[in-house]
A.B. asks: 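I'd like to ask you about the structure that follows.
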Amino acid sequence: MSSMTPLAHPPHSEAQLLAQAQQLAGRTLGELAAMAGLPIPRDLKRDKGWIGVLLEVWLGASAGSKPEQDFAALGVELKTIPIDGAGRPLETTFVCVAPLTGNTGVSWETSHVRHKLRRVLWIPVEGSRDIPLAQRHVGAPLLWSPNEDEERQLRMDWEELMDLIVLGEVERVTARHGEVLQLRPKAANSKALTEAVGAHGEPILTLPRGFYLKKNFTAALLARHFFLKTY
DNA sequence: AGCTGATCATAC
DNA sequence: GTATGATCAGCT
């Protein structure tokens, strides 16, 4: 326990990555931040990505911005997921920005969504705002790939949403579209604009959008994991 | 209460 | 603006 330390280098195998993640289970964010020498914000209001960065440090992921998977050599993406006392997600999960132009000929097979979700290390973290940040516990990790059903659900939603984008109907899409995958703003604020395609094929300016996993999807994959592990 | 639309920090 | 990391918070 006292030898616990952040990985100084990216893990060389999934097994090593998972082993390190399992070491974090049961610890509090306060303990992990102190051991890593990171200051703890009072809350996440102005530090929304803080937990993600903290766990990146512990797991040897390259912190910072790179359009790559967190563990590129392993092809693994890291996602922290806030959960309530019953282990259910408190928030949707951002996947990637949605391409709003240049989409002629794009397919699910080569999509960013599919690539990002090919293999994910999920790390549940207590997320209730009633629990002080430093006292929140890290849960047991789950190394996951979509099964046949999950992949089909994702593909169907992705194709529906991309069809609307290509047809110039992006501004008619709401977060209600999609069963497990939704499209929502992903921007600094409501004044940030990016290019998209209008209803008549003309260029328009609209909010940047991102693909997000709905809570029903992540809740199911977490529940399945804990069911199989426990019984 | 939960969801949808909006927002926060930082690097480049 | 885009890309990384996500959660906030007003409204239904």
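Note: hydrogens, waters and symmetry copies are ignored here, and every other heavy atom, side chains too, is used. Reminder, nothing fancy here: chain letters follow the sequence lines and each chain counts from 1.
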A.B. asks: Taking the side chain from A:Tyr212 and the backbone from A:Pro185, do they hold a donor-acceptor pair closer than 3.5 Å?
C.D. replies: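 Yes.
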
A.B. asks: Taking atom types as they are modelled, is there a donor-acceptor pair under 3.5 Å from the base of C:dT7 to the side chain of A:Arg184?
C.D. replies: yes

A.B. asks: Over all strands shown, is A:Asp43 touching base, sugar-phosphate only, or nothing at heavy-atom distances under 4.0 angstrom?
C.D. replies: nothing

A.B. asks: Assign each of A:Arg136 and A:Glu68 to its nearest nucleotide of DNA chain C by heavy atoms, then name whichever residue's nucleotide is nearer the 5' end.
C.D. replies: A:Glu68

A.B. asks: Where along residues 88-95 of chain A does a heavy atom come under 4.0 Å from DNA chain C, residue by residue in number order?
C.D. replies: A:Glu91, A:Thr92, A:Phe94

A.B. asks: Should we count CD of A:Glu202 as having more than 12 external heavy atoms under 6.0 Å?
C.D. replies: yes

A.B. asks: Under 4.0 Å, heavy atoms only, any strand: does A:Lys186 hit a base, just the sugar-phosphate, or nothing?
C.D. replies: base

A.B. asks: Let me know the distance between CG of A:Asp47 and C1' of B:dA9, rounded to the nearest Å.
C.D. replies: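 Distance check: A:Asp47 CG to B:dA9 C1' gives 7 Å.
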
A.B. asks: To the nearest angstrom, how far is A:Leu133 atom CG from B:dC8 atom P?
C.D. replies: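 Those two atoms, CG and P, are 19 Å apart.
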
A.B. asks: What is the distance, rounded to the nearest whole Å, between atom CG of A:Leu78 and atom P of C:dT4?
C.D. replies: 13 Å

A.B. asks: A:Ala192 side chain: which of C:dG1, B:dA6, C:dT7 is closest?
C.D. replies: C:dG1

A.B. asks: I'd like to know if the side chain of A:Thr206 pairs up with that of A:Glu171 as donor and acceptor (distance under 3.5 Å, no hydrogens or angles considered).
C.D. replies: yes

A.B. asks: Which pairs would a plain distance check flag for residues 69-87 of chain A, meaning a side-chain donor or acceptor within less than 3.5 Å of a matching protein atom at least two apart in sequence or in another chain?
C.D. replies:
unit_1: A:Gln69; atom_1: NE2; unit_2: A:Gly75; atom_2: O; d: 3.2
unit_1: A:Asp70; atom_1: OD2; unit_2: A:Leu78; atom_2: N; d: 2.8
unit_1: A:Lys79; atom_1: NZ; unit_2: A:Phe94; atom_2: O; d: 2.8
unit_1: A:Asp84; atom_1: OD1; unit_2: A:Ala86; atom_2: N; d: 2.8
unit_1: A:Asp84; atom_1: OD1; unit_2: A:Gly87; atom_2: N; d: 3.1
unit_1: A:Asp84; atom_1: OD1; unit_2: A:Arg88; atom_2: N; d: 2.9

A.B. asks: Choosing from C:dG5, C:dC8, B:dA6, which nucleotide comes nearest the side chain of A:Leu207?
C.D. replies: B:dA6

A.B. asks: At what distance, to the nearest 0.5 angstrom, does NE2 of A:His177 lie from CD of A:Gln182?
C.D. replies: 11.5 Å

A.B. asks: Could you tell me how far apart A:Lys45 (NZ) and B:dA6 (P) are, to the nearest whole angstrom?
C.D. replies: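 Rounded to whole Å, this separation is 20 Å.
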
A.B. asks: Counting side-chain heavy atoms from C-beta on, which of C:dG5, B:dT7, C:dA6 comes nearest to A:Thr80?
C.D. replies: C:dA6

A.B. asks: Please give, in whole Å, the distance from B:dG5 C1' to A:His177 NE2?
C.D. replies: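 Between C1' of B:dG5 and NE2 of A:His177: 15 Å.
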
A.B. asks: From CG of A:Leu44 over to C1' of C:dA6, roughly how many Å is that when rounded to an integer?
C.D. replies: 9 Å

A.B. asks: Rounded to whole Å, please give me the gap between CZ in A:Arg42 and P in C:dT7.
C.D. replies: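 Interatomic distance, CZ of A:Arg42 to P of C:dT7: 18 Å.
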
A.B. asks: Taking any heavy-atom pair under 4.0 Å as a contact, classify A:Gly52: base, sugar-phosphate, or nothing.
C.D. replies: sugar-phosphate

A.B. asks: Quick one: does A:Lys79 reach the base of C:dG5 with a side-chain donor-acceptor pair under 3.5 Å?
C.D. replies: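 No pair found.
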
A.B. asks: Separation of A:Glu77 atom CD from C:dA3 atom C1', in whole Å?
C.D. replies: 12 Å

A.B. asks: What nucleotide among B:dA9, B:dA6, C:dT4 has an atom nearest to a side-chain atom of A:Tyr212?
C.D. replies: B:dA6

A.B. asks: Exactly one of A:Leu59, A:Leu55, A:Leu142 should register a side chain to side chain contact (heavy atoms under 4.5 Å, CB included) with A:Leu121. Which one does?
C.D. replies: A:Leu59

A.B. asks: Considering only side-chain heavy atoms of A:Glu56, which listed nucleotide, C:dG5, B:dT7, C:dA6, is closest?
C.D. replies: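 Selected nucleotide: C:dG5.
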
A.B. asks: Among C:dA9, C:dT2, B:dC8, which nucleotide sits nearest the side chain of A:Thr194?
C.D. replies: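 That would be C:dT2.
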
A.B. asks: How about A:Gln153 and A:Trp158: does a side-chain donor come under 3.5 Å of a side-chain acceptor?
C.D. replies: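 No, no side-chain donor-acceptor contact under 3.5 Å.
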
A.B. asks: Between B:dC3, C:dG5, C:dT7, which nucleotide gets closest to the side-chain atoms of A:Lys215?
C.D. replies: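 Of the candidates, B:dC3 comes closest.
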
A.B. asks: Above 12 or not: heavy atoms from other molecules or residues under 6.0 Å from CZ of A:Arg152?
C.D. replies: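 Counting other residues, nucleotides and ligands, CZ of A:Arg152 exceeds 12 neighbours.
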
A.B. asks: Can you tell which of C:dC8, B:dT7, C:dT7 lies closest to the side chain of A:Arg129?
C.D. replies: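 For A:Arg129, the side-chain atoms sit closest to C:dC8.
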
A.B. asks: Using the side-chain heavy atoms of A:Arg176, tell me which of these nucleotides is nearest: B:dC8, B:dT4, C:dT2.
C.D. replies: B:dT4

